[in-house]
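So the structure is just underneath, and the comments pick up after that.
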Amino acid sequence: MTTKKVALVTGAGQGIGRGIALKLAQDGFDIGIADIPAQEQKGEAVAAEIAALGRSAVFVPTDVSSRSDVEAAVEQTASRLGGFDVIVNNAGIAQVKPLLEVTEHDLETVFSVNVNSVIFGIQAAVRKFDELGVKGRIVNAASIAAIRGFPILGAYSASKFAVRGITQVAAQELAPKGHTVNAYAPGIVGTGMWDLIDAEMHKINGKPLGKNLQDNVEGIALGRIETPEDVAGVVSFLAGDNAVYVTGQVIIVDGGMLYN
Ligand SMILES: NC(=O)C1=CN([C@@H]2O[C@H](COP(=O)(O)OP(=O)(O)OC[C@H]3O[C@@H](n4cnc5c(N)ncnc54)[C@H](O)[C@@H]3O)[C@@H](O)[C@H]2O)C=CC1
Ligand SMILES: CC(=O)C(C)=O
């Protein structure tokens, strides 16, 4: 890539978001790192890693469940880095509970972070793409739980099915403007999210800590846990020149768990 490009990655203070931010920086993007204020130290550390790669990065404190925060993150990224070409709506939270125990508050929390944020991100990014005359790329975080419902992750699965639906709708609505919208569907990635899922499942089914994770990893055909870098490679493709004719797709990157 020769011309300067700018990408905003939400939830980029750690885990998959950090991996995506670093990979896109290696691809030549300058990066807006959006994460909650409590993640500022980690976000600034990611910005320093990107600077060491010779690209620019800014940390933008953002709660993605707030429309005005997401709008501000897009504005700040564009004004401080001098462009806006890609948004990766990556931030998300897990919730581990049998469906019969899920409360109204649980649903509001999970959907506001995992679903509302994606719509806010699409809206804010498209306004900026159109203002700048850019044919933009939107990439959303789905999950294998967007393809097959996962027991004990009911509210989470529902939220990820919603992301898949939003991706399909947005792809069709935005195609006339030349923007593409796709999603990535990771499997079992070794991040803070799975530390939480394993600890919560241990409380529910009594398996020793680490065992729920291990059991899930044993079901992966390629025989190892997924890394953020495994996911980032797919996002790099979706954000890059080779994906110009791909839109409305949810790309499964799970090492062989689910099959199209
Ligand atoms: N870890 C896994 O096995 C899988 C993860 N995913 C999805 O990938 C995405 C990233 O997950 P991980 O990196 O594993 O999780 P993680 O928990 O390690 O990192 C999530 C990041 O999002 C940030 N975040 C949370 N709420 C936020 C909010 N309201 N506003 C801004 N930032 C917020 C966190 O501070 C954190 O930096 C999520 O959407 C998740 O659902 C999908 C499939 C599998
Ligand atoms: C966290 C997540 O999406 C799965 C399926 O493990």
Side-chain angles (χ1 to χ4, degrees), residues 8-22 32-46 59-70 72-73 87-96 108-118 120-121 139-164 166-167 183-201 212-213 215-217 219-220 224-232 234-235 250-255 257-258:
L8 171 63
V9 185
T10 68
Q14 67 178 51
I16 294 170
R18 171 180 169 273
I20 292 168
L22 292 173
I33 299 161
D35 211 307
I36 51 175
Q39 290 280 76
E40 179 163 7
Q41 221 174 342
K42 287 187 182 174
E44 292 293 1
V46 177
F59 174 74
V60 193
T62 309
D63 176 352
V64 294
S65 66
S66 154
R67 183 199 293 264
S68 57
D69 271 25
V70 175
I87 188 165
V88 184
N89 292 307
N90 167 77
I93 54 171
Q95 196 215 48
V96 187
E108 278 163 14
T109 305
V110 170
F111 274 74
S112 68
V113 178
N114 291 4
V115 180
N116 297 8
S117 65
V118 174
F120 299 156
V139 187
N140 301 322
S143 163
I144 51 170
I147 315 291
R148 198 189 79 198
F150 273 71
I152 321 292
L153 290 173
Y156 177 83
S157 291
S159 74
K160 293 300 183 179
F161 269 73
V163 170
R164 187 168 151 222
I166 292 162
T167 300
Y184 50 98
I188 310 297
V189 191
T191 67
M193 182 170 282
W194 250 99
D195 292 342
L196 172 84
I197 295 172
D198 183 74
E200 291 298 315
M201 289 190 80
N212 282 292
L213 173 59
D215 287 351
N216 275 280
V217 171
I220 301 172
R224 66 166 174 83
I225 195 166
E226 185 166 356
T227 65
E229 291 70 31
D230 293 322
V231 184
V234 169
V235 176
V250 179
I251 311 291
I252 298 174
V253 49
D254 67 357
M257 296 181 76
L258 303 184

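Read the numbers this way: they start at 1 and go in the same order the structure lists the ligands and their atoms.
Side chain of Lys42 to main chain of Ala12: no donor-acceptor pair is present (N/O by atom type, distance under 3.5 Å, no hydrogens or angles). Not a single donor-acceptor pair under 3.5 Å links the side chain of Ser159 to the backbone N or O of Val115. Here the side chain of Asn90 pairs no donor or acceptor atom with the backbone of Val9 at under 3.5 angstrom. At least one donor-acceptor pair under 3.5 Å links the side chain of Asp230 to the backbone N or O of Thr227. Within the 3.5 Å criterion, the main-chain N or O of Ala91 finds a donor-acceptor partner in the side chain of Thr10.
Inter-residue side-chain proximity for Ile220 and Val217 is flagged as met; some heavy-atom pair is nearer than 4.5 Å. Between Arg164 and Ile147, some side-chain heavy-atom pair lies under the 4.5 Å cut-off.
For ligand 1 and Asp63, the ligand atoms under 4.0 Å from any heavy atom of the residue are 28 (C), 29 (N), 30 (N). Those atoms of ligand 1 that come under 4.0 Å of a heavy atom in Gly11, given as number and element, are 21 (C), 22 (O), 23 (C), 37 (O). Residue-ligand proximity, Ala141 to ligand 1, at heavy-atom distances under 4.0 Å covers atoms 39 (O). In summary, the atoms of ligand 2 found under 4.0 Å from a heavy atom of Ile188, numbered by their order in the structure, are 6 (O). Of all atoms in ligand 2, numbered sequentially from 1 with element shown, those under 4.0 Å from a heavy atom of Met193 are 1 (C). Under a 4.0 Å criterion applied to the non-hydrogen atoms of Ala142, ligand 1 contributes the atoms 42 (C). For ligand 1, the atoms lying closer than 4.0 Å to a non-hydrogen atom of Trp194 are 2 (C), 3 (O). Residue Ile197 has at least one heavy-atom neighbour below 4.0 Å for each of these atoms of ligand 2: 1 (C). Close approach of ligand 1 to Gly15 is summarised as follows: ligand atoms under 4.0 Å from at least one heavy atom of the residue are 13 (O).
Distance from atom 25 (C) of ligand 1 to its nearest protein heavy atom, with residue and atom name: Ile93 CG2, 3.9 Å. Looking only at heavy atoms of the protein, atom 5 (C) of ligand 2 is closest to Ser143 OG, 3.4 Å. Of the protein's non-hydrogen atoms, Trp194 NE1, 2.8 Å is the one closest to atom 6 (O) of ligand 2. Taking atom 24 (N) of ligand 1 as the reference point, the nearest protein heavy-atom neighbour is Asp35 OD1, 3.9 Å. The protein heavy-atom contact nearest to atom 1 (N) of ligand 1 is Thr191 OG1, 3.2 Å. For atom 6 (N) of ligand 1, the closest non-hydrogen atom on the protein side is Tyr156 OH, 3.6 Å. Of all protein heavy atoms, the one lying nearest to atom 30 (N) of ligand 1 is Val64 N, 2.9 Å. With hydrogens left out, the protein atom closest to atom 18 (O) of ligand 1 is Gln14 NE2, 2.9 Å, a heavy atom. At the shortest separation from atom 4 (C) of ligand 2 among protein heavy atoms lies Gly187 O, 3.6 Å. For atom 10 (C) of ligand 1, the closest non-hydrogen atom of the protein is Asn90 OD1, 3.4 Å.
Looking at Val189 next to ligand 1, an N or O pair under 3.5 Å apart turns up. Annotation: Ile16 places an N or O atom under 3.5 Å from an N or O atom of ligand 1; distance criterion only. At under 3.5 Å, not a single nitrogen or oxygen of Ser143, backbone or side chain, sits near a nitrogen or oxygen of ligand 1.
Contact annotation: for Asn216 versus ligand 2, there are no heavy atoms closer than 4.0 Å. The part of Lys160 lying near ligand 1 is the side chain, judged by heavy-atom distances below 4.0 Å. Under 4.0 Å from ligand 1, the heavy atoms of Thr62 that appear belong solely to its backbone. At a heavy-atom cutoff of 4.0 Å, ligand 1 is contacted by both the backbone and the side chain of Met193. Residue Ala91 touches ligand 1 through backbone and side chain together, judged by heavy-atom distances below 4.0 Å.
When Gly187, Gly92, Gly17 are ranked by how near their heavy atoms come to atom 20 (C) of ligand 1, first place goes to Gly92.
Between Phe59 and Ile36, the shortest heavy-atom contact is CZ-O, 3.9 Å. Nearest heavy atoms, Ala232 versus Gly19: CB-O, 3.5 Å. Scanning both residues, Asn114 and Val118, for their nearest heavy atoms gives O-CG2, 3.4 Å.
Separation of atoms CZ (Arg148) and OG (Ser143) is listed at 10.0 Å; rounding is to 0.5 Å. One distance of note links CD1 of Ile93 with OG1 of Thr109; it measures 6.0 Å at 0.5 Å rounding. To the nearest 0.5 Å, atoms OG (Ser68) and CZ (Phe120) are separated by 9.0 Å. Here the straight-line distance linking atom CG of Leu8 with atom OG1 of Thr62 works out to 7.0 Å at 0.5 Å rounding. Note that CG of Asn212 and CD of Glu200 are 11.0 Å apart. Values are rounded to the nearest 0.5 Å. A distance of 7.0 Å separates CD of Glu229 from CZ of Arg18, quoted to the nearest 0.5 Å.
Under the 4.0 angstrom criterion for non-hydrogen atoms, Ile36 is in contact with ligand 1.
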Which donor-acceptor pairs under 3.5 Å do the side chains of residues 185-197 make with protein atoms, sequence neighbours left out?
from: Thr191; atom 1: OG1; to: Met193; atom 2: N; distance (Å): 3.2

